[in-house]
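Along the sequence shown, the residues carry numbers beginning at 1.
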Amino acid sequence: SARGDFRLKDFAVNEMETSVDLEEVSYAINPDLPATLTGTLALFGKRNNAQLTGDLDVVRLKYTKPVTLDAFIQNVRSPRLARDDKPTEWLRLSVGLNAGPDVRIDNNLMRANILGKLKIEGTNVNPLLQGTLETADGAQFFFRGTLFSVNRGWLKFSDNEPTFDLSAQAQVRNYRV
């Protein structure tokens with residue numbers, strides 16, 4: 001459901017105060033990340049100075065796209081290209097994301113349920129991701145044909161700088177690795 005108030009000036013939205021309640025709404029930020037969301041979002045402020053706030057529970061999400069580790073590392077290390085056009089900053093962000101029990105990675109590198117909380121902050125021009133995601137019990141990691149049982153795995157975002165820690169073990173012939 002949605003409710004709100006929009007104030008017009010010269011037949012254009014000048015100010016807004018609206019909120020949306022979501023109940024198991026399907027949304028895909030891109031085709032590889034279909035999600036089901038529940039929660040509340042509020043958008044308020046002036047046309048060129050608005051704020052989006054709220055909390056969303058990610059009820060379901062399953063990432064299945066195969067990952068090539070070498071390509072992934074290269075992509076993370078490559079510098080981002082600067083844009084010639086300077087986008088207009090008009091929206092401040094403060095949206096919480098809570099990973100529920102049916103958030104999964106199931107691809108060539110990992111099978112795991114993911115738990116945790118993230119916060120999207122910053123602006124539409126410079127969004128910041130904060131928070132930590134962790135693997136649930138029973139997670140598995142695949143590396144060079146070997147199946148590893150994950151003891152601990154987390155991915156932490158601090159001002160868009162991701163860090164991760166993975167502790168896993170496997171039995172390879174007579175050795176525990």
Partner set under salt bridge (Lys or Arg N to Asp or Glu O under 4.0 Å) for D55, not counting sequence neighbours: none
All heavy atoms of A28 vs all of P34, minimum pair found to be CB-CA, 4.0 Å
What are the two closest heavy atoms between Q171 and N174, and how far apart are they? NE2-C, 3.5 Å
Within the distance-only criterion (no hydrogens, no angle test), does the side chain of D5 pair as donor or acceptor with the backbone N or O of E17 below 3.5 angstrom? no
Please say yes or no: joined through hydrophobic side-chain contacts below 4.5 Å, possibly via intermediate residues, are V95 and L118 part of one cluster? yes
First locate atom CZ of F164, then atom CG of L133, and finally report the distance between them rounded to the nearest 0.5 Å. 14.0 Å
With heavy-atom distances below 4.5 Å as the criterion, would you say the side chains of R111 and D106 are in contact? yes
Between V59 and E24, the two heavy atoms sitting closest are CG1-OE2, 4.1 Å
Determine, using the 4.5 Å side-chain heavy-atom cutoff (strictly less than), whether F44 and V13 are members of one ILVMFWY cluster. no
Going hydrophobic residue to hydrophobic residue with side-chain gaps under 4.5 angstrom, can you get from Y175 over to L147? no
Quick one: are L37 and V58 in side-chain contact, heavy atoms under 4.5 Å? yes
Non-hydrogen atoms of D32 and Y63 that approach each other most closely: O-CD1, 3.5 Å
For T38 and E23: C-alpha separation, side-chain torsions, deciding distance, then whether side-chain contact (heavy atoms from CB on, under 4.5 Å) applies. CA-CA 5 Å; T38 295; E23 186 65 40; 3.8 Å; yes
Dump the intermediate steps for side-chain contact (heavy atoms from CB on, under 4.5 Å) on R104 and I114, then the final yes or no. CA-CA 6 Å; R104 294 193 45 79; I114 305 297; over 6 Å; no
Do N49 and R92 pass the side-chain contact (heavy atoms from CB on, under 4.5 Å) test, and can you show the C-alpha distance, the side-chain angles, and the key distance before you say yes or no? CA-CA 8 Å; N49 186 18; R92 288 173 286 140; 3.6 Å; yes
When rounded to the nearest 0.5 Å, the distance separating CD1 of I105 from CD of Q140 is 13.0 Å
Do F142 and L109 pass the side-chain contact (heavy atoms from CB on, under 4.5 Å) test, and can you show the C-alpha distance, the side-chain angles, and the key distance before you say yes or no? CA-CA 5 Å; F142 305 96; L109 285 182; 5.5 Å; no
Identify the heavy atoms of E89 and N124 that sit nearest to each other, and give their distance. CA-OD1, 3.5 Å
For the atom pair CG (L22) and CG (D57), what is the distance rounded to the nearest 0.5 Å? 10.5 Å
Within this structure, what is the CZ-CE distance for the pair F6 and M16, rounded to the nearest 0.5 Å? 7.0 Å
May I ask you to test the L97-I120 pair for a side-chain heavy-atom distance under 4.5 Å? yes
Do other residues, nucleotides or ligands put more than 12 heavy atoms under 6.0 Å from L8 CG? yes
What residues, two or more places apart in sequence or in another chain, satisfy salt bridge (Lys or Arg N to Asp or Glu O under 4.0 Å) together with E15? R7, K46
State the OG1-CG distance between T135 and L166, to the nearest 0.5 angstrom. 7.5 Å
Taking everything shown except K119 itself, do over 12 heavy atoms lie less than 6.0 Å from its NZ? yes
Test item: S158 side-chain N/O and E161 main-chain N/O as donor-acceptor pair under 3.5 Å: no
Side chain of T40, backbone of G54: donor and acceptor closer than 3.5 Å? no
Considering residues, nucleotides and ligands other than D137, do more than 12 of their heavy atoms fall under 6.0 Å from its CG? no
Heavy-atom closest pair (P162 atom, L155 atom, distance to 0.1 Å) is CB-CD1, 4.1 Å
With L91, which of T123, V125, L43 fulfils side chain to side chain contact (heavy atoms under 4.5 Å, CB included)? L43
Tell me, please, which residues at least two apart from R144 pass side chain to side chain contact (heavy atoms under 4.5 Å, CB included). none
Could you grab the distance from atom OG1 of T68 to atom CG of N108, nearest 0.5 Å is fine? 6.5 Å
Applying side chain to side chain contact (heavy atoms under 4.5 Å, CB included) to R3 and not counting sequence neighbours gives S1, S19, D21
W154 meets the side chain to side chain contact (heavy atoms under 4.5 Å, CB included) criterion, sequence neighbours left out, with T132, E134, R152, K156, T163, D165
Among all residues two or more places apart in sequence or in another chain, which pass the side chain to side chain contact (heavy atoms under 4.5 Å, CB included) test with N14? K9
Single-linkage hydrophobic cluster, 4.5 Å side-chain cutoff, L129 and L115 together: no
